[in-house]
Amino acid sequence: MSCRPNKRRVKNLQEIHFGEFCIETWYFSPYPEEFNDSPIIYICEFCLSYFISEFQLRRHVNKCTIMHPPGNEIYRDDEISFFEIDGARQSTYCQNLCLLSKLFLDHKSLTYDLLPFLFYIMCKQDQYGYHIIGYFSKEKNYTLNNLACILTIPPYQRKGYGRLLISFSYELSKIEGRIGSPERPLSDLGLLSYQQYWYETILEVLWDTKEIGDDYITIDEITAKTSITQSDVLFTLYESGICVYQGQVCIRLTEAMLNTSLNSVSKKRRINIENLKWSPPH
Ligand code: ACO
Ligand code: ZN
């Protein structure tokens, strides 16, 4: 999925059946034209193939042997796993994933050239297989954008999984020794999620700084610790009202920061870095 401004088109599908969920769609997605006559589309939650009737889906599911996204599992904890998928190797799966996610994204245009992209799929495991919760894509040879597109499947939204996806993208950047920022434009929900992640992450760094007895930290140091770009750090500091002294590279810790509840942040879902087995693809 690319970030070129997208000409809005009328929503063509009303609902998808996806695993245990019936999900109302949000936007147009270019599924083949014959699907336009069928307001509901039936999607295999493992291989993401799509069908016009429940009967066809059932017939497929009886034969479908795929139980997880077709790539390497690079992260696993008690609850979730991440799989890395190469758009060049798994073009059908990735195409199906982009069609699915376009149903919930209106400002991205669908690109059919998936070769330059990697896809990171977050799943929950049970006895039936790995159920997709969300994903993000990333250009293999990115200059700044460590994330191209992000989606949490709607029934899983507002449960902290978007934060986990964003956090994962920055953990990869840390391993790469690079800084990164999401591709623009961001959707409203994308912006809200990033703002919250940046704010909480920066606040934790400031808290740690205070804990070790330092009163000052530079923007570059925050960037080095978090892989969040200097401009995103500055944006967050301004937006959140944290005091910034313009013209200097330092910010000052204030009572406002210390009073902010890090307690609630500590209860949120987190990536446990010991469970991440990954090195940057060559
Ligand atoms: N209303 C208000 N705040 C919200 C909302 C909302 N509906 N959704 C997320 N937020 C903010 C909150 O601050 C939230 O933290 P909190 O719950 O502790 O207050 C924070 O974002 C993170 O919320 P999560 O539950 O971790 O995020 P979620 O799993 O819902 O995923 C995402 C966020 C991926 C943006 C999801 O809304 C989504 O898939 N939207 C549709 C696709 C989309 O717009 N993707 C982003 C496009 S931009 C790009 O791809 C680069
Ligand atoms: Zn299938």
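One-based numbering, in listed order, for ligands and for the atoms of each. One is the number of the first residue; the rest follow in order along the sequence.
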With respect to [X], determine whether any N or O atom, backbone or side chain, lies less than 3.5 Å from an N or O atom of ligand 1.
X      : value
Lys268 : yes
Gly162 : yes
Ser193 : yes
Leu189 : no
Ser187 : yes

[X], [atom1] atom: more than 12 neighbouring heavy atoms under 6.0 Å:
X      : atom1 : answer
Asp188 : CG    : no
Arg58  : CZ    : no
Arg89  : CZ    : no
Glu24  : CD    : no

task = Mark the output for Arg269 as yes if a heavy-atom distance to ligand 1 is under 4.0 Å, and as no if none is.
result =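 Arg269: no contact with ligand 1 (<4.0 Å).
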Atoms in ligand 1 with a heavy atom of [X] nearer than 4.0 Å:
X      : answer
Glu183 : 51 (C)
Gly160 : 24 (P), 25 (O), 26 (O)
Cys149 : 50 (O)
Leu151 : 39 (O), 42 (C)
Ala148 : 49 (C), 50 (O), 51 (C)
Thr152 : 28 (P), 29 (O), 31 (O), 34 (C), 38 (C), 39 (O)
Tyr161 : 26 (O), 29 (O)
Leu105 : 42 (C), 43 (C), 44 (O), 45 (N), 47 (C)

Which of the listed options, [options], holds the heavy atom that is closest to [atom]?
atom                    : options                        : answer
atom 9 (C) of ligand 1  : Met122, Gln195, Glu200, Arg158 : Arg158
atom 15 (O) of ligand 1 : Lys102, Gln196, Arg163         : Gln196
atom 42 (C) of ligand 1 : Phe104, Tyr156, Tyr27          : Phe104

Below a 4.0 angstrom heavy-atom separation, can you tell me which part of [X], side chain or backbone, both or neither, approaches ligand 1?
X      : result
Pro154 : neither
Trp26  : side chain
Lys159 : backbone

key: Closest contact, heavy atoms only, Thr226 versus Lys174   =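 The answer is O-CE, 3.7 Å.
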Verify whether the ring centers belonging to [X] and [Y] lie closer than 6.0 Å.
X      : Y      : result
Tyr120 : Tyr135 : no
Tyr199 : Tyr194 : no
Phe119 : Phe83  : no
Phe168 : Phe82  : yes
His60  : Tyr42  : no

task = Indicate whether any N or O donor in one side chain lies under 3.5 Å from an N or O acceptor in the other, for His131 and Glu45.
result =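 On atom types as modelled, these side chains qualify, holding a pair under 3.5 Å.
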message = In terms of relative ring orientation, are His68 and Tyr130 parallel, tilted or perpendicular, with 30° and 60° separating the classes?
response =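 Rings of His68 and Tyr130: perpendicular, as their planes differ by over 60°.
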message = Angle at the Zn ion (ligand 2), NE2 of His60 to SG of Cys44, rounded to 10 degrees, please.
response =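 Value returned, to the nearest 10°, is 110°.
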request  = Could you grab the distance from atom CD of Gln230 to atom OG1 of Thr218, nearest 0.5 Å is fine?
outcome  =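 The distance works out to 9.0 Å.
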